[in-house]
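Structure, as structure tokens:
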Amino acid sequence: MADYRIDDLARVSGTTVRNIRVYQDRGLLPPPIRRGRTAIYTDAHLSRLRLVTNMLGRGYAFAQIAEMLAAWEAGRSLADVLGLEEAMGVPWSSELPTPITVRELRRMFGNQLTPSNTRKALELGLLRRQGMGFVVPSPQLLEAGYELVKLGVPLDEVIELAGVLQREVDHVAGLMVGLVRQYVLDPKGEDWLPSGDEVPYYADVLRRLPPVVISALTAAVARSTARVIPDMVGDRLEALIKSGKSTPSNPI
DNA sequence: GTTCTGACA
DNA sequence: TGTCAGTA
């Protein structure tokens, strides 16, 4: 929930105020929220800014970055969940595991938080024990779950969903990695090792694999949700109309 | 005192 | 990309 003035954003992200303004003009950064005359930025801006500077550093042109950003816009909410923007960053480090207290969890989920589903979350690795409290391996996944619960989905179901998601994603990611093994690495022979000038190439293949898997999954799920969500909303509206309610306050 | 915009190099 | 002027 951190707010940044443009100066803060520049310092934290390691760029300059000048460049942030340029990225803004080129449409590479979402418009900031205005408080009077001053622009207020959020962590979302910081995340996007890091992505932009990283891609710039890799030699992408402004126009190319803008194009990719536009292409991702459709699956954006999911990309957030999966950490795509972080994934594209140079230090391909995963999310920062964040400590969280029982008190905070209680504040988020209220009395839906039970010993039973806490245990389930621990089993699934959504939560890990640390001293008196817990640590969240993926704050983004937690945030996504929190959003669902706020919408009215029972916490038990959300945890169940997270488990399914993890299994399915593991499976599909495994298939993709398997294909790369089968067609890129294995044909070279069982105990083949890249030699000499081949090393950088294969190092690059391996380094790019996680982002590729993630963007493929993102695209696939974006397509799927684009199909499923309108159906769901349509069914719900139809049901409401049949039940005689003319002004549904919460159609979803 | 700080931020924004535009312009120049 | 840095910097400067003129504003709000």
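Per chain, numbering begins at 1; letters A, B, ... match sequence-line order. As the structure is a computational prediction, the values presented were derived from the model and not from experiment.
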Contact list for residues 116-138 of chain A, test ring-ring contact (aromatic ring centres under 6.0 Å, His included), sequence neighbours left out: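 Found none.
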Separation of atom CG in A:L28 from atom C1' in C:dT1, rounded to whole Å: 16 Å
Separation of atom CZ in A:R5 from atom P in B:dC4, rounded to whole Å: 10 Å
Side chain of A:A39 (C-beta onward), nearest among B:dT2, C:dG2, B:dC4: B:dC4
Co-membership, hydrophobic cluster, residues [X] and [Y], 4.5 Å side-chain:
X: A:V52; Y: A:V12; answer: yes
X: A:I20; Y: A:F62; answer: yes
X: A:V102; Y: A:L142; answer: yes

Side-chain atoms of residues 149-167 of chain A: list all donor-acceptor pairs with protein atoms under 3.5 Å, sequence neighbours left out, distances to 0.1 Å.
{"from": "A:D156", "atom 1": "OD1", "to": "A:N117", "atom 2": "ND2", "distance (Å)": "2.9"}
{"from": "A:E160", "atom 1": "OE1", "to": "A:K120", "atom 2": "NZ", "distance (Å)": "3.4"}

OP1 or OP2 of B:dT2 under 4.0 Å from side-chain N/O of A:T38: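 No.
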CA sep, side-chain torsions, deciding dist, call: A:V135, A:I100, side chain to side chain contact (heavy atoms under 4.5 Å, CB included): CA-CA 5 Å; A:V135 50; A:I100 191 167; over 6 Å; no
Check: A:T38 and A:R5 side chains under 4.5 Å, non-hydrogen atoms: no
Pairwise side-chain contact, A:M108 with A:L113, heavy-atom cut-off 4.5 Å (strictly under):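 Sidechains of A:L113 and A:M108: no contact.
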side-chain hydrogen bond (donor to acceptor under 3.5 Å, both in side chains) pairs, two or more places apart, involving residues 22-32 of chain A: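 Qualifying pairs: A:Q24-A:Y41.
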Could I get a table of every N or O pair under 3.5 Å where one atom is in the protein and the other is in nucleotides 5-8 of chain C?
{"from": "C:dT7", "atom 1": "O2", "to": "A:R37", "atom 2": "NH2", "distance (Å)": "3.1"}
{"from": "C:dA8", "atom 1": "N3", "to": "A:R37", "atom 2": "NE", "distance (Å)": "2.8"}
{"from": "C:dA8", "atom 1": "N3", "to": "A:R37", "atom 2": "NH2", "distance (Å)": "3.4"}

Strand DNA chain C in bracket notation, Watson-Crick/G-U under 3.5 Å with | for pairs to another chain: ||||||.|
Under 3.5 Å donor-acceptor, A:S47 side chain and A:D43 backbone: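 Flag not set: sc A:S47 to bb A:D43 has no pair under 3.5 Å.
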DNA chain C contacts made by residues 18-27 of chain A, counting heavy atoms under 4.0 Å: A:R18, A:N19, A:V22, A:Y23
